[in-house]
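Notes to accompany the following structure.
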Amino acid sequence: MAVSSDILRTWRHPRRVVADLLDQGRREDRAIAFLMAGCGLIFVAQWPRLARVAHETGDELSKLVAYELVAWIFFWPLVFYAVAGLSWLALRLAKRRIPAFSARLALFWAFLAATPAGLLYGLQTGLNGQGPAAHVVGAIWIAAFFWFWAQGLRAAVAHRG
């Protein structure tokens, strides 16, 4: 199934989608592609906010975009790998034996699946700045991410592949 269709399905049935992804076998290239696609989309989501900041502060937009590029394409993927490793370790300490790949896939997929809310958040902060509407959209984005991640980990624990 297409990634965009799986993202839509995740908003309704996150555990089922992660189980389907795990049934496709261990594919590190696919997992890192999910992570990099999510980071790339969130990088793009920052552009409206950066344009607003550049307009309000007089900073160069190209400089702000370059900083965001370095952050989202080089720094955040490393953070996500570290978080995936820590979550795998925490699950092992809790006597939940899952492969490290399953922990990574659950996290990376949750991040990618939550990016539509991240894109909306970027648009909201770019057009209206930080306000109540941006906080609501940001809360939805964060809640969706953690919900998808938790459900993905539950699917990984239950998976027998």
message: Is there a side-chain contact between Y81 and F108 in this structure, where contact means two heavy atoms from C-beta onward sitting under 4.5 Å apart?
response: yes
- request: Considering only NZ, NE, NH1 and NH2 on the basic side and carboxylate oxygens on the acidic side, decide whether R26 and E28 come within less than 4.0 Å.
  value: yes
- prompt: What is the minimum heavy-atom distance between A156 and S102, and which atoms define it?
  reply: CB-CB, 3.7 Å
- prompt: What about V70 and L78, same hydrophobic cluster or not, with Ile/Leu/Val/Met/Phe/Trp/Tyr joined at side-chain heavy-atom distances under 4.5 Å?
  reply: no
All N/O donor-acceptor pairs, side-chain side in residues 34-50, below 3.5 Å, sequence neighbours left out:
| unit_1 | atom_1 | unit_2 | atom_2 | d |
| --- | --- | --- | --- | --- |
| Q46 | OE1 | R49 | NE | 3.0 |
| Q46 | OE1 | R49 | NH2 | 2.8 |
| R49 | NH2 | E68 | OE2 | 3.1 |

Same cluster (ILVMFWY, side-chain, under 4.5 Å), W72 and V79: yes
message: Under the rule for salt bridge (Lys or Arg N to Asp or Glu O under 4.0 Å), what residues qualify as partners of R27, not counting sequence neighbours?
response: D29
field: Shared hydrophobic cluster for L119 and V3 (ILVMFWY, side-chain gaps under 4.5 Å)
entry: no
message: Ignoring hydrogens, what is the shortest heavy-atom contact between W11 and A113? Give both atom names and the distance.
response: NE1-O, 2.9 Å
Would you list the atom pairs, donor with acceptor, under 3.5 Å between side chains in residues 59-67 and any protein atom, with sequence neighbours excluded?
| unit_1 | atom_1 | unit_2 | atom_2 | d |
| --- | --- | --- | --- | --- |
| E60 | OE1 | S62 | OG | 3.4 |

message: Would you compute the distance between atom CG of D20 and atom CH2 of W109 and round it to the nearest 0.5 angstrom?
response: 10.5 Å
Heavy-atom closest pair, residues A19 and H159: O-CD2, 4.2 Å
field: Set of residues satisfying salt bridge (Lys or Arg N to Asp or Glu O under 4.0 Å) with respect to R16, sequence neighbours excluded
entry: none
- prompt: Is there side-chain contact between L107 and S87, with heavy atoms separated by less than 4.5 Å?
  reply: no
message: Within the structure provided, determine whether W141 and P116 are in side-chain contact (heavy-atom separation under 4.5 Å).
response: no
Distance-only donor-acceptor pairs under 3.5 Å for side chains of residues 123-139, two or more places apart:
| unit_1 | atom_1 | unit_2 | atom_2 | d |
| --- | --- | --- | --- | --- |
| T125 | OG1 | Y121 | O | 3.1 |
| T125 | OG1 | G122 | O | 3.1 |
| Q130 | NE2 | Y121 | OH | 3.2 |

query: With sequence neighbours left out, what residues match W88 under ring-ring contact (aromatic ring centres under 6.0 Å, His included)?
result: none
message: Would you say that V17 contacts Q151 through its side chain, given a criterion of any heavy-atom pair below 4.5 Å between the two side chains?
response: no
field: L21/D6 under side-chain contact (heavy atoms from CB on, under 4.5 Å): CA gap, chis, key distance, verdict
entry: CA-CA 9 Å; L21 292 171; D6 282 344; 4.2 Å; yes
field: Rounded distance (nearest 0.5 Å) linking atom CG of L86 with atom CG of L91
entry: 11.0 Å
- prompt: So, does R92 use its side chain to make a donor-acceptor pair with the main chain of I98 at under 3.5 Å?
  reply: no
message: Counting C-beta onward and ignoring hydrogens, is there a side-chain heavy-atom pair between F111 and F148 closer than 4.5 Å?
response: no
message: Same cluster or not: I140 versus I142, using hydrophobic residues (I, L, V, M, F, W, Y) connected whenever any side-chain heavy atoms lie under 4.5 Å apart?
response: no
task: Using a cut-off of 6.0 Å, state whether more than 12 heavy atoms not belonging to R154 lie near its atom CZ.
output: no
